[in-house]
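All chains are named by letter (A, B, ...) in the order of the sequence lines, taking the proteins before the strands, and each is independently numbered beginning at 1.
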There are 2 protein chains.
Amino acid sequence: MAFKNPLFTVDSVLFTVHNNTLKVLLVQRAEAPFLGQWALPGGFVDVDQDANTDATAHRKLRDKTGFTPQYLEQLQVISGAQRDPRGYSVTLAYYALVAHQNVSPKIASVALAQWIAVQDLPQYTLAFDHAHIIALAQARLQQKTLYSMIPAFCLPERFTIAQLQQVIETIIEKPIQRKSLMRRLEASDMFAALDEKTSSGGRLAQLYSIKAGADLVNFERNLMAKDE
Amino acid sequence: MAFKNPLFTVDSVLFTVHNNTLKVLLVQRAEAPFLGQWALPGGFVDVDQDANTDATAHRKLRDKTGFTPQYLEQLQVISGAQRDPRGYSVTLAYYALVAHQNVSPKIASVALAQWIAVQDLPQYTLAFDHAHIIALAQARLQQKTLYSMIPAFCLPERFTIAQLQQVIETIIEKPIQRKSLMRRLEASDMFAALDEKTSSGGRLAQLYSIKAGADLVNFERNLMAKDE
DNA sequence: AGAATAGTGTCTGTTAGACATTATTAA
DNA sequence: TTAATAATGTCTAACAGACACTATTCT
């Protein structure tokens, strides 16, 4: 076979929500090209270690955060001759979600990894076309938030409806009706109401958790069909 | 970098609808492994010819059909050590749509390519995990048919609502309401009513075509939310 | 006229949006 | 008691499903 095999890498856009801000995990590149610049965590498939590319994405994230994300899904492949100075490259991008407090301590200990607010990204120069990949991932996350409970994977194990609402509103950058959220939470059958409530300044709030082994439910309609 | 680069290939699941049957284009493999068996059209990226992997998919389909599909979209990456006897492999699968009469004559002249009804696939032994990839593509096509006009890309340039309805019902394997389809056709603004009608046994039917440069519209709800 | 197919009118069902009302807690 | 937050009740809006009805064409 006379074909030059293009470079194949796996990169992940790991999101979290903290302080009503959507953040993405970036690492400082330790080698050329783009040495020292911020980039998505990722790298080459290790054919001896990784059962498949999902395993590659998980392994690379674990190396940087010490943790496995609560949600991980393929985004898309980006490819071309110009996007990597080393030559023609093919990158499989994933996007992932994690609760902020799950990884926060670990991150702090790795000086080369850092959460950066998506809204601040214009102030950074990212390696490769990683800014573009993050934009694709954000758009996909926003879209999926309209028809699923995917934002629940940004929350700690026990959480309130108000917390879920906050995370959703942070992701889609629009307010939603609490009532609509409660209806969906009920209908999805993904969550269990715990025998516990939590104090929040007024009436105690019911705590929920994701049922063990619950699949992500897709609703038949989107929230917020209207533009504002 | 000490990593063995895995094999990277691009394969496409090209669908069409003919005689109320969903069909997929398969080609007979001309080389080992799986020599002579039916497989998806695809192959290696040619870094000198292909601007990106989309171009690879297009080129491979053009080689087999002489035509460019009306619609082409990434499906997902499938990877692992066991799926190709030559070793660890990574395949980017696309799915694509074309109007049957656009490629039919060309196919006939290429003995190595053939349309096979999806419902007949259990009778065939496909190369690699291509049967699995086709199943993934079919599921995605069905899902997307519920919230977009994607089936329009299986139709000739000028078509009637009845034809569109037939194609949709073939893809999702369920009947839909003609009225609902008309409402969506109107709302989507993707189609132009031509100054022409066509005879079909009764009242003449309005002909439509996809507006030049029209983007595929996504609706806010799915059709057929109910299971039957 | 009658059969066949195209297109419309309109009522129902479901679920999201809006927002008022009630419930519960801490200070 | 008051402020704050949680939860519910309920009306409206949008749009898909159902299906009757009208329109147009051919034989």
Problem - Geometric class of the B:His100/B:Trp115 ring pair [parallel <30°, tilted 30-60°, perpendicular >60°] - result: tilted
Problem - Parallel, tilted or perpendicular: rings of B:Phe159 and B:Phe191 (30°, 60°) - result: perpendicular
Exercise for the section: Rounded to the nearest angstrom, tell me the gap between atom CG in B:Asn222 and atom P in C:dT14. Expected result: 17 Å
Handout entry: Residue-phosphate contact under 4.0 Å: B:Gln177 side-chain N/O, D:dA16 OP1/OP2
Key = no
Exercise for the section: Identify, between A:Ile176 and B:Thr160, the residue whose nearest nucleotide on DNA chain C lies closer to the 5' end. Expected result: B:Thr160
Return the polar atom pairs (N/O with N/O) between nucleotides 25-27 of chain C and the protein under 3.5 Å, or none.
none

For residues 130-145 of chain B, run the donor-acceptor check on the side chains, cut-off 3.5 Å, and write out each pair with its distance to 0.1 Å, sequence neighbours left out.
unit_1, atom_1, unit_2, atom_2, d
B:His130, ND1, B:Leu40, N, 2.9
B:His130, NE2, B:Asp11, OD2, 3.2
B:Arg140, NH1, B:Leu75, O, 3.4
B:Arg140, NH2, B:Gln74, O, 3.1
B:Arg140, NH2, B:Leu75, O, 3.2
B:Gln142, NE2, B:Ile171, O, 3.1
B:Lys144, NZ, B:Glu73, OE1, 3.0
B:Thr145, OG1, B:Leu141, O, 2.7

Handout entry: Whole-Å gap separating P (D:dA6) and CG (A:Leu164)
Key = 12 Å
Exercise for the section: Rounded off to whole Å, could you give me the CZ-to-P distance for the A:Phe159 and D:dA6 pair? Expected result: 14 Å
Problem - Beyond-backbone contact of A:Leu181 with A:Met149, side-chain heavy atoms, under 4.5 angstrom - result: yes
Protein-nucleotides 9-11 of chain C N/O pairs under 3.5 Å:
unit_1, atom_1, unit_2, atom_2, d
C:dG9, N7, B:Lys179, NZ, 2.8

Handout entry: Backbone N/O of B:Leu14 and side chain of B:Ser12: donor-acceptor pair under 3.5 Å
Key = no
Would you list the atom pairs, donor with acceptor, under 3.5 Å between side chains in residues 161-168 of chain B and any protein atom, with sequence neighbours excluded?
unit_1, atom_1, unit_2, atom_2, d
B:Gln163, OE1, B:Thr160, N, 2.9
B:Gln165, NE2, B:Glu169, OE2, 3.1
B:Gln165, NE2, B:Ile176, O, 3.2
B:Gln166, OE1, B:Asn20, ND2, 3.1

Problem - Distance test, side-chain N/O of A:Arg184 to OP1/OP2 of C:dT15, below 4.0 Å - result: no
Completion exercise
To the nearest angstrom, the CE-C1' distance between A:Met224 and D:dC15 comes to 17 Å
Exercise for the section: Under 4.0 Å between any heavy atoms, over every strand shown, what does A:Ala187 touch: base, sugar-phosphate, or nothing? Just pick one. Expected result: nothing
Exercise for the section: Calculate the interatomic distance between A:Leu181 atom CG and D:dA6 atom P; express it in whole Å. Expected result: 12 Å
Exercise for the section: Give A:Arg178 one of three labels, base, sugar-phosphate or nothing, depending on what nucleic acid heavy atoms sit under 4.0 Å from its own. Expected result: base
Practice task
Please tell me if the side chains of A:Phe128 and A:Thr91 come closer than 4.5 Å, counting only heavy atoms from C-beta onward.
Solution key: no
Problem - Within residues 113-132 of chain A or reaching into it, pairs that qualify as salt bridge (Lys or Arg N to Asp or Glu O under 4.0 Å) - sequence neighbours excluded - result: A:Arg83-A:Asp129
Exercise for the section: Decide yes or no, distance alone: a donor-acceptor N/O pair under 3.5 angstrom between the base of C:dT14 and the side-chain of A:Arg221. Expected result: yes
Practice task
May I have all residue pairs that pass side chain to side chain donor-acceptor pair (under 3.5 Å) and include part of residues 177-190 of chain A, sequence neighbours excluded?
Solution key: A:Asp189-A:Lys211
Exercise for the section: Figure out the CD/P separation between A:Glu169 and C:dG17, and round it to whole Å. Expected result: 11 Å
Practice task
Specify the separation, in whole Å, of atom CD of B:Gln165 and atom P of C:dT5.
Solution key: 13 Å
Problem - Protein-nucleotide distance (B:Asn218, atom CG; D:dC15, atom P), rounded to Å - result: 15 Å
